[in-house]
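The sequence lines fix the lettering, A, B, ..., with proteins before strands; numbering per chain opens at 1. Side-chain atoms are counted along with the backbone in the values below, which use heavy atoms only and exclude waters and symmetry mates. This one's a predicted model, so the numbers in the text were calculated from it and none came from an experiment.
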Amino acid sequence: MPCDWRCIDRVREGIALLLGVRPHAAELAGPLAMVCAELLENAVKYGVRDAAPVLITVREEPARVVIDVTNDVAPGSRHLAALRARLGWIAGFAQPGDAYLAAVEAVYEGDDAFAGEGGLGLVRVAHEGGCLIECDDSTAGRVTVRAVRPRAAAERA
Amino acid sequence: MKRLPREVERPPMSVAIAEGAKRVAITGRAVEPEVGTWLCPLIDDIHHAAVAAEHDEVVLDLRHLEHANAALWRCLVYWLRVLRRDEAARYQLRVFAAPTHRWQIIGMSTLKVIGADRLRVEEV
């Protein structure tokens, strides 16, 4: 996908349509399309403009759905540090719903340390999307954010 | 006080305001990265109109909002902050959410904690 904000909604809609017709995946279509949109928004917002396209893959496995979003990042990017910090912050909560509430409370109080860093979007991915999130920046200049949605037995193909 | 617009079109999203700020409907898809730059000032205007008119309720209809990014959620949290911190405000924000849009139900359950007695959510 080009690193262009205007493309995100079309990709989101396409993913919702594709998952919506997959056996056992229809229930996941809306939440996972939201997950894709939030991850793509972060990639476009904090990635390198006019760089390589943003890559997105959605992979169905028997016990989970895996979404990878990869984009270029500037060396020493502060956004990358903020991403790691946010993921660590989310992981510190027993339940993603607790992280979501804490994030919304921070926005309410106006003291959101992650304001403007995609913070609320990532918490939505964890809570609303039901995903585990991790990031891989082992390749210089590239970062992949992975969201993994475990599938309940009834959702498995 | 500012005159409220009847409708603000920001494709693919629009905001309709009716009955002197008694009814607000957000429809379409909220995908703008910086939606707060124009929506928060509009929320301020709606809030001030509702307070001036001494409304006891403002309906926010989200049933035809198909998708919302985190930036829009921030605006809804902003509305609750404005409402709860204004001692002159008497109104309750009554949100119509669509049960078919699961994200609305999940998101609203958290907003209810923030909004307390100033927020009522109905799945219709």
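- Listed by chain and number, the residues in a salt bridge (Lys or Arg N to Asp or Glu O under 4.0 Å) with B/Asp86 amount to none (sequence neighbours excluded).
- Salt bridge annotation for B/Arg102-A/Glu27: absent, with no cationic side-chain nitrogen under 4.0 angstrom from a carboxylate oxygen.
- Looking at B/Glu66 and A/Glu13, their side chains come closer than 4.5 Å, going by heavy atoms from C-beta outward.
- The number of heavy-atom neighbours closer than 6.0 Å to CZ of A/Arg59, taken from other residues, nucleotides and ligands shown, is above 12.
- A cation-pi arrangement, defined by a distance under 6.0 Å to the six-membered ring centre and an angle within 45 degrees of its axis, is present between B/Arg85 and A/Tyr108.
- Residues A/Glu41 and B/Asn69 have side chains that bring a donor and an acceptor to within less than 3.5 angstrom of each other.
- A distance-only check finds a donor-acceptor pair linking the side chain of A/Trp5 to the backbone of B/Val31 [under 3.5 Å].
- Counting heavy-atom pairs under 4.5 Å between each of A/Met34, A/Glu38, A/Arg12 and chain B puts A/Arg12 at the top.
- B/Arg81 contributes a side-chain N or O that, together with a main-chain N or O of A/Val107, makes up a donor-acceptor pair within less than 3.5 Å.
- With a 4.5 Å cut-off on non-hydrogen atoms, A/Leu101 touches chain B through its backbone and its side chain both.
- Rounded to the nearest 0.5 Å, atoms CG (A/Asp9) and CZ (B/Arg29) are 4.0 Å apart.
- At a 4.5 Å heavy-atom cutoff, A/Arg6 makes no contact with chain B through either its backbone or its side chain.
- Contact between A/Gly121 and B/Ala70 at its shortest, heavy atoms only, is N-CB, 3.7 Å.
- Cluster membership for A/Val148 and A/Ile15, using ILVMFWY side-chain heavy atoms within less than 4.5 angstrom, is not shared.
- In terms of non-hydrogen atom pairs under 4.5 Å with chain A, the most contact-rich of B/Pro33, B/Ser109, B/Ala71, B/Gly107 is B/Pro33.
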